[in-house]
Amino acid sequence: MNRTPLLLALALALPAGAALAQGPGDPNAVSWSYFDIGALHVNPDESDLDSGTGLQVRGSGQISESWHLFLGWNRIPLEGDRSFSGVGGVPGALVVDDDVDRFHVGIGYNLPVGPRTDLFVRAAYERVGSADFAITVGDATTRGKLEKTDGASVEVGVRSAFTSRFEAGASVRYTRLDDAEVRLDGQPFPGGQAFIASDSTTAGVLYGQFKFGNGWGLLAEAELSGDYTSVFAGARLSY
C-alpha cells in the first residue's frame with residue numbers, strides 16, 4: 001500500500017490548522033494556506049518519452065505573516081522506447097513503462113508589495129522515485145531499474161489577486177537533481193541513463209485561479225522549460 005497521499009494529507013492538516021487559528025483576514029487577498037488536487041500532464045519536448053497524465057496533490061500552510069511551508073506529490077506514467085543496433089547489427093530496443101512518483105517539501109517567504117500582491121521565494125527538497133525498464137536484443141530481454149534520486153529547487157515569483165474572483169502569478173523555478181543510478185539485473189550500469197532529461201532545469205511558471213467563494217476555486221498552472229512542458233488543472237481550497 002502506498003501511504004504517500006495519506007501522509008501528505010496529514011502533514012498539510014497541521015499548518016492549515018495553524019492558519020485557521022490566526023483568524024480571518026481579507027477574503028480576497030492572496031492566501032498561502034491552501035490544498036490542491038487535480039490532473040498533471042507532462043509533455044517531454046525532446047525525448048524518446050511519451051506524454052503522460054497523472055494525479056497531483058499539493059498544499060501550503062502559513063506559519064507566520066511572512067513564512068509558509070509547502071509540500072506536494074504526483075504520480076506520472078513514464079513510457080517510451082528507443083531502438084538501437086546491438087553487436088553484429090542485431091536489432092534491439094530499450095523500453096520503459098512504469099509510473100513514477102515525485103515528492104517535494106520546502107519553505108517559502110512571502111513579501112506583500114500591495115494590498116493583494118505578494119512577492120515570494122521558495123526552496124524545496126525534491127525526490128523522484130524509481131522506474132523499471134527492459135532492454136531487448138534479439139530474443140534476449142534484460143530487466144533494468146532507474147533508481148530514485150533527489151535534489152533541490154528554488155523558485156522566485158509574484159502572486160496577485162486582481163479581483164475578488166481572479167488571481168494570477170508568474171515565477172521562475174530552478175531544479176537540480178542528482179544523477180540517478182541505473183541497474184541491469186541488479187548490477188550497476190554506468191552510462192545507462194537513456195531516458196533521463198537534464199539533471200538541471202530552469203522553467204517559467206504561469207498560474208491562474210478563478211474563485212467561486214467560500215475558499216473554493218479552479219486553477220490552472222503551466223510550467224515551461226527546454227526539456228518539458230507540464231500543465232496542472234484542478235481544484236483549490238484556500239483556508
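- With no hydrogens or angles considered, a side-chain donor-acceptor pair links E223 and Y228 at under 3.5 Å.
- Inter-residue side-chain proximity for D45 and D227 is flagged as unmet; no heavy-atom pair is nearer than 4.5 Å.
- Residues L69 and W67 are members of one and the same hydrophobic cluster, defined by side-chain heavy-atom contacts under 4.5 angstrom among Ile, Leu, Val, Met, Phe, Trp and Tyr.
- Two residues are said to be in side-chain contact when any heavy atoms from C-beta on lie closer than 4.5 Å; Y34 and L219 fail this criterion.
- Scanning both residues, S225 and T202, for their nearest heavy atoms gives CB-O, 3.5 Å.
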Item to complete: Verify side-chain contact (heavy atoms from CB on, under 4.5 Å) between V231 and L40, making sure each step is shown before the conclusion.
Response: CA-CA 6 Å; V231 177; L40 178 66; over 6 Å; no

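- No option in R127, R75, E126, Q56 other than E126 meets the side chain to side chain contact (heavy atoms under 4.5 Å, CB included) test with R102.
- The structure places OG of S31 at 8.0 Å from CZ of R236, a figure rounded to the nearest 0.5 Å.
- Side chain of D179 to backbone of T149: no donor-acceptor contact under 3.5 angstrom is found.
- In the model, E167 has a side-chain atom that pairs as donor or acceptor with a side-chain atom of Y207 under 3.5 Å.
- Note: K211 NZ to S164 OG = 8.0 Å, rounded to the nearest 0.5 Å.
- Side-chain contact check for N74 versus V100: every heavy-atom pair is 4.5 Å or farther apart.
- W32 has its ring centre no less than 6.0 Å from the ring centre of F70.
- Between the side chains of T117 and S160, at least one donor-acceptor pair of N or O atoms lies under 3.5 Å.
- Summarising the geometry, atom CG belonging to L184 is positioned 12.0 Å from atom CZ belonging to R143; distances are rounded to the nearest 0.5 Å.
- A heavy-atom distance below 4.5 Å is not found between the side chains of D99 and L78.
- Closest approach of Q209 and G217 over heavy atoms only: OE1-CA, 3.9 Å.
- Evaluation of the salt bridge (charged side-chain N to carboxylate O under 4.0 Å, His left out) rule for D132 yields no partner, not counting sequence neighbours.
- Using a distance-only test at 3.5 Å, with no hydrogens or angles considered, a donor-acceptor pair links the side chain of S33 to the main chain of Q62.
- Looking at H68 and R122, their side chains come closer than 4.5 Å, going by heavy atoms from C-beta outward.
- The hydrophobic clustering, which links ILVMFWY residues whose side-chain heavy atoms are closer than 4.5 Å, places L237 and I37 together.
- Atoms CG and CZ, on D36 and F232 in that order, are 5.0 Å from each other to the nearest 0.5 Å.
- D118 and R159 are not joined by a salt bridge, as no carboxylate oxygen comes within less than 4.0 angstrom of a charged side-chain nitrogen.
- A pairwise comparison of heavy atoms in G138 and V90 identifies N-CG1, 3.6 Å as the closest pair.
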Worksheet entry | side-chain contact (heavy atoms from CB on, under 4.5 Å) evaluation trace for H41 with S230 | CA-CA 5 Å; H41 179 78; S230 70; over 6 Å; no

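- Atom CG of D98 and atom CG of L146 lie 10.0 Å apart (nearest 0.5 Å).
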Item to complete: Could you please spell out the steps behind the side-chain contact (heavy atoms from CB on, under 4.5 Å) verdict for V172 and Y174?
Response: CA-CA 7 Å; V172 176; Y174 174 78; over 6 Å; no

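- You'll find the side chain of L177 stays beyond 4.5 Å of the side chain of D150, heavy atoms only.
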Worksheet item: Given L94 and F133, is the side-chain contact (heavy atoms from CB on, under 4.5 Å) satisfied, shown in steps?
Response: CA-CA 7 Å; L94 192 157; F133 63 90; 4.2 Å; yes

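- Taking the charged nitrogens against the carboxylate oxygens, E221 and R58 do have a contact shorter than 4.0 Å, which makes a salt bridge.
- Remark: the E147 side chain and the S130 side chain contain no N/O donor-acceptor pair separated by less than 3.5 Å.
- Of the N and O atoms on the side chains of T141 and T136, at least one donor lies less than 3.5 Å from an acceptor on the other residue.
- Annotation: F103 is not in aromatic contact with W73 [ring centroid separation under 6.0 Å not met].
- Linking Ile, Leu, Val, Met, Phe, Trp and Tyr residues whenever their side-chain heavy atoms come within less than 4.5 Å leaves L206 and F120 in two separate clusters.
- Taking hydrophobic clusters as Ile, Leu, Val, Met, Phe, Trp and Tyr residues chained together by side-chain heavy-atom distances below 4.5 Å, V121 does not share a cluster with V105.
- The same ILVMFWY cluster, assembled from side-chain heavy atoms under 4.5 Å apart, contains both F35 and W216.
- Taking every heavy atom of both residues into account, A29 and P115 meet most closely at CB-O, 4.3 Å.
- Taking 4.5 Å as the limit, some side-chain heavy atom of R165 sits within range of a side-chain heavy atom of F210.
- Rounding to the nearest 0.5 Å places CD1 of I135 at 9.5 Å from CG of D185.
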